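Bear in mind the structure is a predicted one, so any value in this text is a computation, not a measurement.
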Amino acid sequence: MSQTTPQVIASFRSYIWNSLDNGLYATALFTAERLHAYDPKGADSVHLYALCLWRDGQFQQAEALTKNWLRHVGCAYIYAQCCLKLGGGRENLGINALEGCKRLWSSNTSWNQSSDTERKVMPDAPSIYCVIGLLWQSLGDVKKATEAFVQSIKGNPFNWEAFKALCDTGVNLRVNNIFKQSPEMLEALKLPISQSEGHVRPKNTAENQSNHTSSDPFAASSRDRSDLAYNNHPSFLNRLNEGMTGSASNVAQMETPTAQSANSSTHDLLGGSNGVPDKPPPVRKTRTAAADIGSRKLTSRNLKDETKRSNSSAEPSVPAAPARRSTRLNTLKFASKLSGERETRLASKERDREAKKRAVSTRNRSGQLAAEAKEREKDRGSSEDINVRQNSLSNPCREVRATTVQATLASLSQHKRKAPSELSLTQVSKKQMSDAASRTQSTVSTTKPQIDTKKEEAQHYLLDMYKKFGNAYFNLVHFRCQEAVQALSSLPTSQRETPWVMCQVAKAQYEMANYVESEKIFLKVRAIDPVRTKDMEVFSTVLWHQRKEVELSFLAHELIDLDRLAPEAWCALGNCFSLQREHDQALKCFKKATQIDPKLAYAFTLQGHEHISNEEYDKALVSYRGAISVDSRHYNAWYGLGKVYEKMGKYDIAEKHFRTAAKINPTNAVLVCCIGMVLEKMKDHSGALVQYTNACKISPKSAMSRFKKARTLMTLGNFNGALDELQVLKDLVPDEANVHFLLGRVYKTLRNKPDAIKHLTIALNLDPKAGHLIKEVIENLDDDEEDAYLAEDSDVYRLLDGDH
């Protein structure tokens, strides 16, 4: 086939999308290759072929295919994703590709337009901004990454990947302001006009208005004060007839509205126009009759002559004949102008019949109004009605106008007895016209577009749920673990029992050192999702802290059997070897984890801990720095760097790294204690006491914090303060030998020999290995010399200061 045809291309694309939707990637890839061979110059065909390669995991092939089609948004998007996946300095190329075609996607937002039956092939702006942010994050540019993530969330607040990445950068967010209704969401809730009004609007508004004539005789004239000369313009009727073939809104603008009927809607009232031209002539006024525009012509009358005729009927001194004569002359002039219209006899007869029907109904209403007036006004109104109907024999439309004016005069005569001043017909019409305009304006201002209440409820439900998830994750990232647990606990039961939510709660408990509670939750996760490997490296660390070798070994082997290519499985196996003090085997497992996933910062940190155990400080520094290069907010790596420099005797550098870790995680009492330990070794006991006091405020049940504080108070000579801390510590850890040993020393200093012997004896029973040192202190109770025993030499104390 020499030329491509759209039908063949459409068939190819249909088969490809069907295969992709059903997960048949091999079929989709084969068909996409056929399409690309058939249409090699089509950018859409290249994009679909690259998409199949991307979903099939062939990232290098997709990158090579799309790098020459970067002016196409879809191709540039896939190229950027391949650059992100492959790495190796390609991130800048992906960013440049997306920025180069920004004008094509910057205003495209289609996050709420996808459904089960509709697909958006091209990526929208929020998705592209998210990829740009991930590329900048991979390059380490936190500022530009943050800007891209913010743009992504503004366009689509339900983009969880962008929100999660934004939280991981450590910026401060107002989560409640993110998950709230945006103008785009409110616009999507609005119903179409036909649905919001609750009925179908009549196609012919003029016919509908003629069937619902208002009881107010001034309704039509007060709404339409069009100029007679304007109506007689040659193109006026043509424009009206053209408006009938247009949209309903155009018809409503061209038609002359009348008073609203009882069953008409607000939209019908607002849809009409008052018919007033932009610059009406100041002299002659008319009122256009409400009639079928498509079947007959519009007729009008000089409103000034009607006013003169009305005044002549209302005052006996003015003869009625001149008014009728002037009206007849004006009618003849107007008829002569319409003679060029070539009206047919059939149309004239039909117009006469309809006018007579309206005249009969109008006479009935005018009779009711006239009955309320006095006899003198009624006689004068009746004589005028006879004269007017005599003149209407030549023209049926004149009968309608005269009858309407007669009813008007009847009401005016009744009003004349009550009001001191007399109002003319023109003045009354102007007054009612202004009243109608004010009513219409108030209706327009108070009417609001109706919205779909069911969609609104669903939208509020999703926003509220995402707000809770967002607050929980934001607090967890900033290590406000208690607030995170509370936010997750407020979720519905069905959401709380999902593996992701339970893992977040377990990690929060782990950060708060509640290892027992964290283990219980992780066990529930294993029961719900036994094949889950994500977050299991944290579970293995929880078991490591509790020294549960059997449970940890079982978990490690189970994860390895599930997926040998899961980095979390190798981390669990490495922790198992570390607990058994096989550090070399543990290092091999952690290195395997980093090879599988170079973005797993925790694997680098665990690797550094094992190097410290082997006293390989240089290698430990390399491992910790590798973790920080992956995640600059990984506080465990900063803590590891501080530990290395502390062991190397570089206390000032160690203090710097410990403070960085404490700044990232200010709720961790261990990090604050590490700062105090470094300051204590630098002979800054007052500064160390401040840090230990802060640690006790952060975690009142932290045994290590109170132990360090008590020792510092003893060093500063505050034995009474040290005694208070040790009494609290004794209740927290009653079986700790170091606590009873320090109590014995304090009581010895305070000359309380019985209590000193008591606690020293308890310490001797709890730690027989240190018996020779404890016995030495007991033997020297009567001496004032200080003993040489240091608490940090105890094995029990070292267990309190674990590296994990």
Side-chain angles (χ1 to χ4, degrees), residues 1-111 113-135 138 148 152 156 159 161:
M1 186 176 294
S2 59
Q3 295 182 354
T4 60
T5 59
Q7 292 77 10
V8 175
I9 295 176
S11 298
F12 270 126
R13 294 180 65 87
S14 177
Y15 301 150
I16 294 170
W17 283 116
N18 178 264
S19 300
L20 290 175
D21 292 340
N22 290 279
L24 303 176
Y25 294 137
T27 302
L29 188 58
F30 176 81
T31 312
E33 188 177 3
R34 307 285 75 75
L35 173 61
H36 181 53
Y38 179 78
D39 184 25
K41 296 183 180 180
D44 292 335
S45 301
V46 174
H47 167 243
L48 194 54
Y49 185 23
L51 180 62
C52 294
L53 291 170
W54 162 260
R55 293 194 181 183
D56 195 48
Q58 302 182 29
F59 305 121
Q60 292 182 347
Q61 289 85 342
E63 178 196 16
L65 178 63
T66 55
K67 66 180 180 181
N68 295 325
W69 297 85
L70 298 182
R71 293 186 179 181
H72 187 271
V73 177
C75 294
Y77 184 71
I78 294 179
Y79 179 78
Q81 285 186 313
C82 292
C83 292
L84 178 63
K85 191 71 177 180
L86 297 174
R90 296 182 177 89
E91 291 85 356
N92 282 319
L93 298 176
I95 295 173
N96 295 333
L98 294 176
E99 293 290 346
C101 60
K102 187 175 182 178
R103 60 183 181 84
L104 301 176
W105 56 262
S106 59
S107 60
N108 180 19
T109 303
S110 59
W111 60 270
Q113 299 177 9
S114 299
S115 64
D116 294 336
T117 59
E118 186 178 357
R119 177 192 297 107
K120 295 300 179 182
V121 179
M122 295 300 166
D124 59 353
S127 301
I128 295 176
Y129 274 122
C130 181
V131 174
I132 292 177
L134 293 174
L135 289 169
S138 180
S152 178
N156 182 9
N159 191 338
E161 188 173 1

Colleague: Mind checking whether Glu99 and Ile132 have side chains closer than 4.5 Å, heavy atoms only?
Modeller: yes
Colleague: What's the separation between atom CG in Leu24 and atom CG in Leu29, rounded to the nearest 0.5 Å?
Modeller: 12.0 Å
Colleague: According to the interplanar angle, ranging from 0 to 90°, do the rings of His72 and His47 count as parallel (below 30°), tilted (30 to 60°) or perpendicular (above 60°)?
Modeller: tilted
Colleague: As an exercise, state the distance from CG of Asp44 to SG of Cys75, rounded to the nearest 0.5 Å.
Modeller: 8.0 Å
Colleague: Please report the closest heavy-atom contact between Asp39 and Ser45, naming both atoms and the distance.
Modeller: OD2-OG, 3.0 Å
Colleague: Write down the atom of Cys82, the atom of Phe59, and the distance for their closest heavy-atom approach.
Modeller: SG-O, 3.5 Å
Colleague: Please check if the side chain of Asn96 supplies one atom and the backbone of Asn92 the other of a donor-acceptor pair under 3.5 Å.
Modeller: yes
Colleague: So how far is it from Leu65 CG to Ile78 CD1, rounded to the nearest 0.5 Å?
Modeller: 8.5 Å
Colleague: Taking Trp105 for the side chain and Met122 for the main chain, is one N or O donor matched with an acceptor at less than 3.5 Å?
Modeller: no
Colleague: Using 0.5 Å steps for rounding, measure from the CG atom of Leu98 to the OG atom of Ser106.
Modeller: 12.5 Å
Colleague: side-chain contact (heavy atoms from CB on, under 4.5 Å) with Asn18: which of Asn22, Asp21, Ile16?
Modeller: Asn22
Colleague: Could you check Ile128 against Lys102 for side chain to side chain contact (heavy atoms under 4.5 Å, CB included), going step by step and ending with a plain yes or no?
Modeller: CA-CA 9 Å; Ile128 295 176; Lys102 187 175 182 178; over 6 Å; no
Colleague: What I'd like to find out is whether the side chain of Leu134 reaches to under 4.5 Å of the side chain of Glu161, using heavy atoms alone.
Modeller: yes
Colleague: Where is the tightest heavy-atom contact between Pro40 and Val46, given as atom of each residue plus distance?
Modeller: O-CG2, 4.3 Å
Colleague: Which atom names give the shortest non-hydrogen contact between Pro126 and Asn156, and what distance separates them?
Modeller: CB-CB, 3.7 Å
Colleague: Taking atom CD of Gln60 as the centre, does the number of heavy atoms from other residues, nucleotides or ligands within less than 6.0 Å exceed 12?
Modeller: no
Colleague: So does Arg34 have more than 12 non-hydrogen atoms from other groups sitting under 6.0 Å from CZ?
Modeller: yes
Colleague: If we ignore hydrogens and angles and just use 3.5 Å, is the side chain of Arg55 paired with the main-chain N or O of Cys52 as donor and acceptor?
Modeller: no
Colleague: Which pair of non-hydrogen atoms, one from Lys67 and one from Tyr79, has the smallest distance, and what is that distance?
Modeller: CB-CE1, 3.6 Å
Colleague: With a 4.5 Å limit on heavy-atom distance, are the side chains of Thr5 and Tyr38 in contact?
Modeller: yes
Colleague: Is there a side-chain contact between Leu51 and Trp17, using heavy atoms and a 4.5 Å cut-off?
Modeller: yes
Colleague: Within this structure, what is the CG-CD distance for the pair Leu93 and Glu63, rounded to the nearest 0.5 Å?
Modeller: 8.0 Å
Colleague: Do Gln61 and Asp56 have side chains that approach each other closer than 4.5 Å (heavy atoms only, starting at C-beta)?
Modeller: no
Colleague: Under a 3.5 Å distance rule, please check whether Ser11 uses its side chain to pair with a backbone N or O of Gln7 as donor and acceptor.
Modeller: yes
Colleague: State, with a plain yes or no, whether a side-chain heavy atom of Leu70 is found less than 4.5 Å away from one of Cys101.
Modeller: no
Colleague: Please examine the side chains of Val131 and Tyr77, heavy atoms only from C-beta on, and report whether any two atoms are closer than 4.5 Å.
Modeller: yes
Colleague: Under 6.0 Å from the OH atom of Tyr15, do we count more than 12 heavy atoms belonging to anything else shown?
Modeller: no
Colleague: Enter the distance from Arg90:CZ to Ser138:OG here, rounded to the nearest 0.5 Å.
Modeller: 11.5 Å
Colleague: So which heavy atom on Ala80 is nearest to which on Leu135, and how close?
Modeller: O-CD2, 3.9 Å
